[in-house]
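Scroll down for the structure; my scribbles are underneath it.
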Number of protein chains: 2
Amino acid sequence: MKTDIEIARGIELKKVIDIAKQIDIDEDHVHNYGKYMAKIPYSLINEQQISQSNLILVTAITPTKAGIGKTTVSIGLTLGLNKIGKKAVVALREPSLGPCFGMKGGAAGGGYAQVLPMEDINLHFTGDFHAITSAHNMISALLDNYLYQNRSTGKGLKEILWKRVLDINDRSLRYVVTGLRGSANGIPSESGFDITPASEIMAILCLSKDIEDLRRRIEKIILGYTYENEPFTVKDLGIAGSIVVLLKDAINPNLVQTTEHNPAIVHGGPFANIAHGCNSVIATKLALSHADYVVTEAGFGADLGAEKFFNIKCRKAGLTPKLTIIVASAQGLKMHGGVAQEDIKNENIEGLKNGLANLDKHISNMKSFGQTVIVAFNKYGTDTKAETDLVIEHCKSQGIAIAINKAYSDGGEGAVDLANLVVETIENNPSGELNFTYQDSDSIQTKVEKVAKQIYGASSIEYSTAARKILKLVQGTEIEHYPVCIAKTQYSFSDDPKAYGVAKDFGLTINDIVINNGAEFVVIVAGPIMRMPGLPKVPQANHIDLANGLIEGLS
Amino acid sequence: MKTDIEIARGIELKKVIDIAKQIDIDEDHVHNYGKYMAKIPYSLINEQQISQSNLILVTAITPTKAGIGKTTVSIGLTLGLNKIGKKAVVALREPSLGPCFGMKGGAAGGGYAQVLPMEDINLHFTGDFHAITSAHNMISALLDNYLYQNRSTGKGLKEILWKRVLDINDRSLRYVVTGLRGSANGIPSESGFDITPASEIMAILCLSKDIEDLRRRIEKIILGYTYENEPFTVKDLGIAGSIVVLLKDAINPNLVQTTEHNPAIVHGGPFANIAHGCNSVIATKLALSHADYVVTEAGFGADLGAEKFFNIKCRKAGLTPKLTIIVASAQGLKMHGGVAQEDIKNENIEGLKNGLANLDKHISNMKSFGQTVIVAFNKYGTDTKAETDLVIEHCKSQGIAIAINKAYSDGGEGAVDLANLVVETIENNPSGELNFTYQDSDSIQTKVEKVAKQIYGASSIEYSTAARKILKLVQGTEIEHYPVCIAKTQYSFSDDPKAYGVAKDFGLTINDIVINNGAEFVVIVAGPIMRMPGLPKVPQANHIDLANGLIEGLS
């Protein structure tokens, strides 16, 4: 089969103004970035239309290193829905340059189920990540300058919490000391860089309702604490307006197209392991305002992305999905059934059977939110009939509907069954009201405990001294009413990336707690999770190239 | 008078596709970024047309902190030339976010002589600086990863020269230590950040002929030295292709419009004090391919920007300006005449007279390149008639033609005299062949000595031990044939920013030498010049805001 980029190249794109017309967006509202990408103003959100539309969440079993194909299924389902005559749009996150040049490669779907132009989406796209990086580091520079200019006035800070970000995998930047070589060059300080998808600005952009809400949240960001133990915010620094100016375009969603010329909205990109893992609220609402079916995705497995999608994004934005789809693959299930990485492409019925427990746990978790759940079996060329049949039989025996997705190899035609199942399920058996795992009024500890025990299956939770200090700090404040955003490995229900299947009777260790006062959630760092990834021995960058004007190695 | 941004807002922009049509660029070649900005492929350069066109360099006397108004004169002259029926395009550098949010504010002209949309040009524009920042830091991350992965193989480097960049004024990032907190987080190293306009990638982008030349130069970048004393390059790292991919759009020039809807090409942005200070070769050539007159600018005073424009850019790109215009202002001349900063707005004939020596030295320098020189007197509201007359008389007595520029307050109408003088001078007395200050075959020391003595007026040059080490290293290599790019304060002919007027009998101290092997020049760091600026007590960021959808404080 052709590579993703070869398939992408073979497709003649439609102009983005024509894509916009498909969802009744007039040319005047299309802010082009070249002929095939555009920003659409969020003012085209129509709350009344939203309530008429159907939101579908695509999530997955605990992923392998290569992923389960969630984005491919999300795009594939959208192709399938359009194929059967429905007006459907997919709403996705933007890829990050870090993984793209690191381990994972591009993140714009795969095979015949991609969003295009994949080369640009995977590179600088419309500059949103760069705007976020600029805004974040501009705050850092202005904060350091404030401390520098006030170094002898006593108006400094006791503790600085704000670091820096770059959209690159660079382990060397995790822990740095800045301001060295004498007083003309700043004040020596411990600092560090996270990857841009972990920036609080990214979370804020993805949770804001509009530019006023963006500003309100940016003003609230806590940069550190004064000697009087008061939070010192962006508002105190007096620069919120300039940061909003840097984000004035980034707040608007991006419109592109699928491999079959259906509209795709791609906007915002927090990771689901170290952040909240969903595309922007504005993008989802814009899509819902202009389509009857909106397919969206939450990052990594359902314990990470979907949990945060419900408990953070839906709670805050008032969204209620009609259906949750869990994507499973035979290879993923075999990995969870104890089959070694090098053998997961070979048939192994026993291993597959053992791995189904991982799927079952995710199904039961998604049901706990009050969701109607179906399974999309993402079929790979190496899967055998016996394997496929086993998964289908298993789901049916549990009363869970299942459809096979072959959009990777067959495009929309390969997702017609899935699309029909989705439409039928939403018509006959849509999800009811959302049932959150915890209440706003629960304490932070109770919230963590409920997610850890009910969703992850942990038996106990332990807090580091640093984490306990923050818990004490926020006690009785507004912050205690925020949702929790647990940063945890994507490879296991537990905080141990090697504990496949369904980890049981494990203790969850909370190493650190970070208050994202602007995002209005509290980041709970569980286990040794890095907010700045590293690069592998041979990074993808060594394969990316431009040959005869054509980009190679982006997939 | 209205502020720059108020004037900008009052102008109804034409669509960039219509601006392109004015210079015979078809809609199909216009890669829109919104309705008013576009990238134009460099394939529209036409070498034959270039030789038919007239290139005009705008430079200035030694500037004040607020500048002399060089960009305003460049744009104003373009307005004036169009006004008198000539097909003229202005080719400028892109502003940097650092100074824009720091001390200086926007850099897109002023008053009724601006390039528009100034808000976007001064912010993220078409993302070129972000692409350069990404490309630079991607190399840093990949280099650090190489060293990390090879930490026990003996294939490391003895010395690392490559640092990082951000397009922000942040003094705390000048000197940093990275890779702290144990072996999982990299190798502890001294590093630092320059501002993006000082990146070698910026210089390379601005000097490249095409994408193949870009690649050739990126491969040549020296990142450090091996234990065998061999240079270790981007080619050795095996990632040049991926860096070229990150720059595939940034290499194409940006088309915008002036306040009077004339085409303006704005592309690349190295500073002239710490880098070579001119817009890209590709942009200048594209402009020359599509207009009869191209007005371009070189940064800061003529000792910095113009010297590098001739000795680096023109030498390498084979460009020959027909005319050099030196911009002078009464305030600038008075400062050089010893008038205190707080008094330069008041009439002071004696001070002004004393300051003319600065202008004369720049005139004689520009003549040394074989250029026909005229003076543009940039008139401010506070200038008196006696002051203006004095400058006019002085120039005439020296045989130098002069015209008054009032484009700031009057737009193109205010630059008609200047435009007529320019056309007449080019017709009757164009510059001849370029006469470079030094030859390729001169040693680095000889090149520095010729510029320092002939252009700056230094009497002696002293090298630090570090600088001497590099001189020895490059002796007898290809590098010795590169031009020199002297990094020096913009506020004086000397390396002392407080030595106004015409500094005399001074020694120039070379603190450091940096080989930009990809840019194919050698950066000579003279005096205490910072490659990463700091922020002032009250940065411009404190004034920038978004109010009722309108940006404030960008000028």
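Lettering of chains follows the sequences in order, A, B, ..., and the numbering in each one begins at 1. Just so it is clear, the structure is predicted and the values come from calculations on it, not from any experiment.
Using a 4.5 Å cut-off between heavy atoms, Pro536(B) contacts chain A through its backbone alone, with no side-chain atom that close. With a threshold of 4.5 angstrom between heavy atoms, Leu142(A) approaches chain B through its backbone and through its side chain. At a 4.5 Å heavy-atom cutoff, the contact between Phe193(B) and chain A is made by side-chain atoms alone. Contact annotation for Leu246(A): both backbone and side-chain heavy atoms come within less than 4.5 Å of a heavy atom of chain B. For Tyr148(A), the part sitting under 4.5 Å from any heavy atom of chain B is the side chain, from C-beta outward, and nothing else. Contacts of Ile211(A) with chain B are made by side-chain atoms alone, with heavy-atom separations under 4.5 Å and no backbone atom involved. Only the side chain of Glu190(A) comes within less than 4.5 Å of a heavy atom in chain B; its backbone stays farther off. Contact annotation for Asn150(A): neither backbone nor side-chain heavy atoms come within less than 4.5 Å of a heavy atom of chain B. Val538(B) does not touch chain A: none of its heavy atoms, backbone or side chain, sits under 4.5 Å away.
Note on ring orientation: taking the six-membered ring where Trp is involved, the planes of Tyr33(A) and Tyr33(B) are perpendicular (angle over 60°, cut-offs 30° and 60°).
Of all the listed residues (Leu554(A), Asn137(A), Ile187(A), Val30(A)), the one sharing the greatest number of non-hydrogen pairs under 4.5 Å with chain B is Asn137(A). Options Gly241(A), Pro539(A), Ala131(A) differ in how many heavy-atom pairs under 4.5 Å they form with chain B, and the most are formed by Gly241(A). Highest contact tally toward chain B, considering only Glu119(A), His31(A), His124(A), is held by His124(A) [criterion: heavy-atom pairs under 4.5 Å]. Each of Gly549(A), Ala184(A), Ser189(A) has some count of heavy-atom pairs under 4.5 Å with chain B, and the biggest count is that of Ala184(A). Counting heavy-atom pairs closer than 4.5 Å to chain A, the top residue among Met532(B), Lys39(B), Gln149(B) is Gln149(B). Interface remark: of the candidates Asp170(B), Ile239(B), Asn169(B), Asp170(B) forms the most heavy-atom pairs closer than 4.5 Å to chain A.
Within residues 172-182 of chain A, the residues that have a heavy atom under 4.5 Å from a heavy atom of chain B are Ser172(A), Leu173(A), Arg174(A), Tyr175(A), Val176(A), Val177(A), Thr178(A), Gly179(A), Leu180(A), Arg181(A), listed by number.
Here the closest non-hydrogen pair linking Ala141(B) and Ile168(A) is CB-CG2, 3.5 Å. The two residues Met530(B) and Asn185(A) come nearest to each other via the heavy atoms CE-OD1, 3.6 Å. Annotation for Asn145(B) and Leu535(A): closest pair OD1-O, 3.1 Å, computed over non-hydrogen atoms. Scanning both residues, Arg215(A) and Asp545(B), for their nearest heavy atoms gives NH1-OD1, 2.9 Å. Counting all heavy atoms, side chain and backbone alike, Lys248(A) lies closest to Ile551(B) at CE-CD1, 3.4 Å. For the residue pair Gly186(A) and Arg171(B), the shortest heavy atom distance occurs at N-CD, 3.6 Å.
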Verdict with supporting geometry, Asp249(A) and Asp120(B), side-chain contact (heavy atoms from CB on, under 4.5 Å): CA-CA 10 Å; Asp249(A) 297 321; Asp120(B) 293 304; 3.8 Å; yes

Step-by-step side-chain contact (heavy atoms from CB on, under 4.5 Å) determination, Asp167(B) to Ser134(A): CA-CA 8 Å; Asp167(B) 192 29; Ser134(A) 276; over 6 Å; no

Full working for side-chain contact (heavy atoms from CB on, under 4.5 Å) between Val245(A) and Leu123(B): CA-CA 8 Å; Val245(A) 164; Leu123(B) 292 169; 3.6 Å; yes

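In summary, Asp28(A) and Lys35(B) do not engage in a salt bridge, as defined by a charged side-chain N under 4.0 Å from a carboxylate O.
When each of Leu214(A), Val244(A), Ile243(A) is tested with Leu546(B) by the rule side-chain contact (heavy atoms from CB on, under 4.5 Å), just one qualifies, namely Val244(A).
From Leu166(B), atom CG reaches atom CZ of Arg164(A) across 8.0 Å, with rounding to the nearest 0.5 Å.
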